[in-house]
Number of protein chains: 2
Amino acid sequence: MGFREHLQEVCRGVDGAFACSLMGMDGIEVDGHVESDGGVDVQSMMVEMTGILRTAREAALAHRAGGLEEFSVGTERLLTIGRLVSPDYFMVVALRPEGNQGKARYLLRIAAPRVAAEL
Amino acid sequence: MGFREHLQEVCRGVDGAFACSLMGMDGIEVDGHVESDGGVDVQSMMVEMTGILRTAREAALAHRAGGLEEFSVGTERLLTIGRLVSPDYFMVVALRPEGNQGKARYLLRIAAPRVAAEL
């Protein structure tokens, strides 16, 4: 099973999800699956997430909170949920605000080690 | 009911929560309630959240995702969940990683307009 299939599986398994990507911490997408753009510039938002993630990771380490594991950012038109796959890569799924956040977090938790095994 | 009582109510209503603050977007705490420090430098983490929030807000607006509403950052020892109360203030609750994230998000959603009414 390739990266794309894992990303598709997460995206299709979550009500309201419209895109899922595997991103490098350098902001470059390794692979991605987009069902629709949801009226939002999803690709650019996912790149921006990388900067936010890097800041959060540094803050967490500086303040003895341990390694970063997951994050989410919810706006009026988009809910973005991500999970670290390795120190250098993370998976991120974009949902409509009313999407199933619990299921997204669950499927990311299941998929992360499977994707990590293929990195 | 003052700010402190709202913060206490959120903190005490969520399994695993150990601190709740009302923060300005300038990184200065308006008021806070701390049950325990959870072994983490919580106050500093909450200040760092402000920088992360500002970045997320700018990114969301730039990419047509609308106004920022909520966010979370999960690390090995800390789950931080926040919600905008107004354009200049946000509430943030710190939980142990196994804490009840759904309840925290729910109580923040209920408390935010009440706190906003007192700002």
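Throughout, a chain's letter reflects where its sequence line sits, starting with A, and its residues are numbered from 1.
For B/Arg105, the part sitting under 4.5 Å from any heavy atom of chain A is the side chain, from C-beta outward, and nothing else. With a 4.5 angstrom heavy-atom cutoff, A/Gln101 touches chain B only via side-chain atoms. For a residue to count as touching a neighbouring chain, one of its non-hydrogen atoms must lie under 4.5 Å from one of that chain's; by this rule B/Leu79 touches chain A with the side chain only.
The cluster map of Ile, Leu, Val, Met, Phe, Trp and Tyr, joined by side-chain heavy atoms under 4.5 Å apart, puts B/Val47 and B/Tyr89 in different clusters. Under the 4.5 Å side-chain contact rule for hydrophobic residues, B/Met46 and B/Leu7 do not share a cluster. In this structure, B/Phe90 is not a member of the same hydrophobic cluster as B/Val14, with clusters built from ILVMFWY side-chain heavy atoms closer than 4.5 Å. Linking Ile, Leu, Val, Met, Phe, Trp and Tyr whenever their side-chain heavy atoms come within less than 4.5 Å puts B/Met91 and B/Leu107 in one cluster. The cluster map of Ile, Leu, Val, Met, Phe, Trp and Tyr, joined by side-chain heavy atoms under 4.5 Å apart, puts A/Tyr106 and B/Leu95 in different clusters.
Rounding to the nearest 0.5 Å places CG of A/Leu61 at 8.5 Å from CD of B/Glu76. Atom-to-atom distance recorded for B/Leu53:CG and A/Thr55:OG1 is 11.5 Å, nearest 0.5 angstrom. Here B/Ile52 contributes atom CD1 and A/Arg57 contributes atom CZ; the two are 12.5 Å apart, rounded to the nearest 0.5 Å.
Contact count against chain B (heavy-atom pairs under 4.5 Å) is highest for A/Thr75 among A/Leu68, A/Ile81, A/Leu78, A/Thr75.
Around CZ of B/Arg114, the count of heavy atoms belonging to other residues, nucleotides or ligands within 6.0 Å does not exceed 12. Environment of CG in B/Asp15: sparse, with no more than 12 heavy atoms of neighbouring residues, nucleotides or ligands closer than 6.0 Å.
The two atoms that bring B/Arg77 and A/Gly66 nearest to each other are NH2-N, 3.6 Å, heavy atoms only. Closest heavy-atom contact between A/Val73 and B/Ala56: CG1-CB, 4.1 Å.
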